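A short worksheet on the structure shown next.
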Amino acid sequence: MQGPRPVVLSGPSGAGKSTLLKKLLKDYENVFGFSVSHTTRQPRPGEVNGKDYHFVTREEMQKEIDAGEFIEHAEFSGNMYGTSKGAVQAVQAQNQICVLDIDIQGVKNIKKTELNPIYISVQPPSIEILEKRLRDRKTETEESLQKRLTAARVDMELSKEPGLFDLVIINDDLEKAYSELKEVLLEEIKKTEESRKS
Ligand code: ADP
Ligand code: 5GP
């Protein structure tokens, strides 16, 4: 493995992973790089192909999976998602900390690889608050919202498994959650900043 230790952010859809990640990428622009996943879901307004995701068809994605180009992939809420080898290599080539935003199946599959990341789960204070956040985000249809809530219940249960995550952050107050995230990453941030100076 090259470069600094990657970071996995997981947790239910709507828990606040992207919000925390955007803050981190903004505050430490050169330190972190996002692993741009592939997905077969439709882009949301404002999402940019190649930046937020590589938006692809099921056929395109399956072909690349069959060619062995993915580290992990999973079916989530009716769509395929996956991390390509290229996505992680592109960040590591810049000597940046690679951040992966993946679901719990992805976490279990990454554990079988050599990647050796820091595993962090972002959890909502309650399923009711999660539902409100997802509804207020206005990105889901009623059907996809219900699928995400079902997946969220599974995630909230499975993420209690001892040792699965290095840290579980309850994202109630955003600033507090962000401080906890920064604190656990502080050592890796310092190391990366130092190595980038030399
Ligand atoms: P995820 O990436 O985990 O699916 P998002 O980052 O998109 O979740 O967050 C879901 C919604 O909740 C967004 O509209 C976001 O602005 C909001 N949100 C995130 N964190 C908080 C928080 N601590 N308090 C209130 N709303 C939040
Ligand atoms: P969304 O559609 O809200 O962007 O993402 C839905 C879920 O898919 C989230 O839990 C997110 O973490 C997960 N996800 C995004 N990219 C990947 C990926 O490459 N692999 C896996 N396993 N899950 C992903």
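Everything numeric here is computed off the predicted structure, so don't read it as measured data. Atoms within each ligand, like the ligands themselves, are counted from 1 in listed order. Counting begins at 1 with the first residue of the sequence.
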Any heavy atom of K17 closer to ligand 2 than 4.0 angstrom? yes
Just jot down the ligand 2 atoms closer than 4.0 angstrom to any heavy atom of G82, in number order. 18 (C), 19 (O), 20 (N)
Per-atom filter on ligand 1: closer than 4.0 angstrom to a heavy atom of K17 are 1 (P), 2 (O), 3 (O), 4 (O), 6 (O), 8 (O)
Between Y81 and F76, what is the ring plane arrangement, given parallel below 30°, perpendicular above 60°, and tilted in between? perpendicular
Pairs of nitrogen or oxygen atoms closer than 3.5 Å, one from D172 and one from ligand 1: do any exist? yes
E193 vs K190, salt bridge (charged side-chain N to carboxylate O under 4.0 Å, His left out): CA-CA, chis, key distance, verdict: CA-CA 5 Å; E193 281 176 336; K190 269 195 217 152; over 6 Å; no
Report yes if the side chains of T192 and Q96 come closer than 4.5 Å at any heavy-atom pair, otherwise no. no
Could you tell me the residue and atom name of the protein heavy atom closest to atom 2 (O) of ligand 1, and the distance to it rounded to 0.1 Å? S18 OG, 2.5 Å
How does H73 reach ligand 2, by side chain, by backbone, by both or by neither, if only non-hydrogen atoms under 4.0 Å count? neither
Are K23 and E175 close enough for a salt bridge, meaning some N to O gap below 4.0 Å? yes
How long is the span from the OG atom in S10 to the NZ atom in K17, to the nearest 0.5 Å? 6.5 Å
Atom 20 (N) of ligand 2: of Q105, H38, E72, the nearest heavy atom sits on E72
Determine whether a donor-acceptor pair (N or O, by modelled atom type, separation under 3.5 Å) exists between the side chain of R5 and the backbone of N116. yes
For L9 and ligand 2, does the shortest N/O to N/O distance drop below 3.5 Å? no
Please compare K132, K23, R137 and report which has the shortest non-hydrogen distance to atom 14 (O) of ligand 1. R137
For ligand 1, which atoms, with element, lie under 4.0 Å from some heavy atom of L174? 20 (N), 23 (N)
Which ligand 2 atoms, with their elements, are less than 4.0 angstrom from a heavy-atom of A74? 22 (N)
At what distance is the nearest protein heavy atom to atom 19 (O) of ligand 2, and which residue and atom is it? S37 OG, 2.6 Å
So, do H38 and F70 have ring centers that fall under 6.0 Å from each other? yes
Does P12 come within less than 4.0 Å of ligand 1, judged by its heavy atoms? yes
among protein heavy atoms, the one nearest atom 23 (N) of ligand 2 is D103 N, 3.1 Å
Answer yes or no: is there an ion pair linking K63 with E59, defined by an N-O contact shorter than 4.0 Å? no
Any N171 heavy atom less than 4.0 Å to ligand 1: yes
Atom indices of ligand 2 within 4.0 angstrom of R44 heavy atoms, with elements: 1 (P), 2 (O), 3 (O), 4 (O)
I'd like to check whether E47 has a polar contact with ligand 2, where a contact means an N/O of the residue lying under 3.5 Å from an N/O of the ligand. no
Does the ring of Y119 carry K111 above it, NZ/CZ under 6.0 angstrom from centre and within 45° of its axis? yes
To check your reading of the model: name the closest protein heavy atom to atom 6 (O) of ligand 1, its residue, and the distance in Å. T19 OG1, 2.5 Å
The answer for which part of K108 has a heavy atom under 4.0 Å from ligand 2 is neither
What atoms of ligand 2 come within less than 4.0 Å of a heavy atom belonging to R148? 1 (P), 2 (O), 3 (O), 6 (C)
Dump the intermediate steps for salt bridge (charged side-chain N to carboxylate O under 4.0 Å, His left out) on E128 and R133, then the final yes or no. CA-CA 9 Å; E128 291 78 18; R133 285 185 190 166; over 6 Å; no
among protein heavy atoms, the one nearest atom 4 (O) of ligand 2 is Y53 OH, 2.5 Å
Do the side chains of E142 and R135 get close enough for a salt bridge, i.e. N-O under 4.0 angstrom? yes
Within the 4.0 Å heavy-atom shell around G106, which atoms of ligand 2 are there? 22 (N)
Is the shortest distance from a Lys or Arg side-chain nitrogen in K108 or E161 to a carboxylate oxygen in the other one below 4.0 Å? yes
Under-4.0 Å salt bridge between K85 and E72: no
Identify the closest protein heavy atom to atom 24 (N) of ligand 1: which residue and atom is it, and at what distance? R133 NH2, 3.2 Å
Would you call R41-E47 a salt bridge at under 4.0 Å N-O? yes
Please report the C-alpha distance between K26 and E29 in whole Å, then the side-chain angles of each, then the deciding distance to 0.1 Å, and finally whether the salt bridge (charged side-chain N to carboxylate O under 4.0 Å, His left out) criterion is met. CA-CA 5 Å; K26 189 165 157 267; E29 217 187 319; over 6 Å; no
With a 4.0 Å cut-off on heavy atoms, is A15 in contact with ligand 1? yes
Less than 4.0 Å between a side-chain N and a carboxylate O, is that true for E180 and K176? yes
Among all protein heavy atoms, pick the one closest to atom 8 (O) of ligand 1 and tell me residue, atom and distance. G16 N, 3.1 Å
Note: E194-K197 ion pair, threshold 4.0 Å (strictly below): yes
Looking only at protein heavy atoms, which one is nearest to atom 4 (O) of ligand 1, and what is the separation? G14 N, 2.7 Å
So, does R41 sit close enough to ligand 2 that a heavy atom of it is under 4.0 Å from the ligand? yes
Geometric N/O contact D101 with ligand 1, under 3.5 angstrom: no
Distance from atom 11 (C) of ligand 2 to nearest protein heavy atom, with residue and atom: D101 OD1, 3.4 Å
